[in-house]
Amino acid sequence: MPELPEVETYRRFINEVAVGQTITSLDVRDAHVLAVPEDELRAAVVGRTIAGTGRLGKNCFLELDNGRLLVLHFGMTGDIGAFRDAPDAPRFTRVAWQLSDSGLNLAFIDPRKFGRIRLADSVEAYQKAKKLGPDALQISAAELHQKLTRRRVFVKPLLLDQSLTAGLGNWIVDEVLFQAKIHPERLGNSLTEKETNALHEAIQLVLKTAIQHEAHYRHFPASFLIHAREWDDSATPGSDAHTYCPRHPKTKIEKFYVGGRATYICPRCQPAPAAA
DNA sequence: AGTCATGTTTGCGC
DNA sequence: GGCGCAAACATGAC
């Protein structure tokens with residue numbers, strides 16, 4: 001789940017539930033998701049008050065009252081939850097921390113354990129250490145244009161590159177390319193300013209729409225490609241209506257791999273580039 | 001049983 | 001350093 005809109009939704013949840021409260025204890029159920037030694041993490045967070053929250057790309061920050069940050073990255077299957085008593089902890093809770101006032105526990109949930117919890121001294125230090133570009137909601141059209149057109153690489157892997165801009169994941173990039181009507185295998189340096197502007201607008205549209213719907217993709221507008229992804233099969237068992245382009249009811253959405261990642265396009269909306 | 005997966009990192013060959 | 005590709009990580013869902 002966790003691309004930028006999911007992480008923003010988690011951040012808002014944490015903001016509601018935890019800001020102003022003190023972390024009274026830390027329960028590490030599976031140290032695999034820790035990128036810092038457990039003792040160090042415990043010493044850094046227990047007794048600290050959560051002053052606020054932040055986000056950069058797919059990274060969520062809990063700002064501690066001494067200025068340091070607890071950084072959450074959710075990998076491919078991470079989630080946030082809350083529970084009151086230990087037996088009620090959600091399945092796959094790997095780490096939990098208790099909050100002073102409410103007595104609630106925040107749970108870092110992650111079945112596949114690709115997520116990581118770490119510490120940072122500041123957003124800037126973390127951004128530099130992880131080589132993260134500007135957040136996908138913050139990058140300007142001019143910077144996006146400059147960064148894309150400098151490279152002789154397929155545009156899809158470029159948009160997925162967190163050092164170019166941070167927060168776009170596999171399905172969002174497909175959605176952005178569909179909305180901007182650009183084929184994922186167009187080379188960065190072949191894009192016109194008009195096209196990079198369309199990409200910039202599509203990024204804003206897709207991210208804002210997704211955040212508005214708290215990343216519940218089944219509630220997204222019918223004009224979105226996301227309904228063509230196979231995960232939507234369960235919504236209409238036996239029907240393949242969702243595998244057609246929202247703009248071309250007779251054109252089937254195509255699936256193939258770009259840069260090793262499953263990719264969905266409408267072949268009419270997103271014409272393939274001429275062979276090099 | 002085998003295949004696929006919303007992310008990131010590393011290694012290899014050119 | 002750039003690029004394309006593959007694998008690895010660890011596990012659940014279908």
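Throughout, a chain's letter reflects where its sequence line sits, starting with A, and its residues are numbered from 1. Note: hydrogens, waters and symmetry copies are ignored here, and every other heavy atom, side chains too, is used. These figures come from a predicted structure and were not determined experimentally.
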*Between C:dC3, B:dG7, B:dT6, spot the one nearest the side chain of A:F114, thanks.*
B:dG7
*asked:* With a cut-off of less than 4.0 Å, is there a side-chain N or O of A:R116 near OP1 or OP2 of B:dT8?
replied: no
*Between B:dA5, B:dT8, C:dG12, which one does the side chain of A:M76 approach most closely?*
B:dA5
*asked:* Checking contacts here: which listed nucleotide (B:dT9, C:dA10, B:dT6) is nearest the side-chain heavy atoms of A:P2?
replied: B:dT6
*Could you check which of B:dT6, B:dC4, C:dC3 has an atom nearest any side-chain atom of A:W171?*
B:dT6
_Separation of A:L26 CG from A:L106 CG (nearest 0.5 Å)_ = 11.5 Å
*asked:* What's the gap between C:dA10 and B:dA1 when it is taken at their P atoms, as a whole Å value?
replied: 23 Å
*Taking NZ, NE, NH1 and NH2 as the nitrogens, is one of them in A:R261 or A:D174 under 4.0 Å from a carboxylate oxygen of the other?*
no
_Nearest-neighbour nucleotide for the A:R94 side chain, B:dG7, C:dT11, B:dC4 considered_ = C:dT11
*Which residue, A:E8, A:R12, A:E6, forms the side chain to side chain contact (heavy atoms under 4.5 Å, CB included) with A:Y10?*
A:E6
*Can you tell me which stems DNA chain B forms, taking runs of 3 or more consecutive Watson-Crick or G-U pairs with both distances under 3.5 Å?*
B:2-5 with C:11-14, B:7-14 with C:2-9
*Short side-chain N/O contact from A:K113 to OP1 or OP2 of C:dC9, under 4.0 Å*: no
*With rounding to whole Å, what would you report as the distance between B:dT6 and C:dG4 at their C1' atoms?*
23 Å
*Fit a plane to each ring of A:F256 and A:H183, take the angle between them on a 0 to 90° scale, and name the class: parallel (under 30°), tilted (30 to 60°) or perpendicular (over 60°).*
parallel
*Given C:dA10, C:dC3, B:dA5, the nucleotide with the shortest approach to the side chain of A:K255*: B:dA5
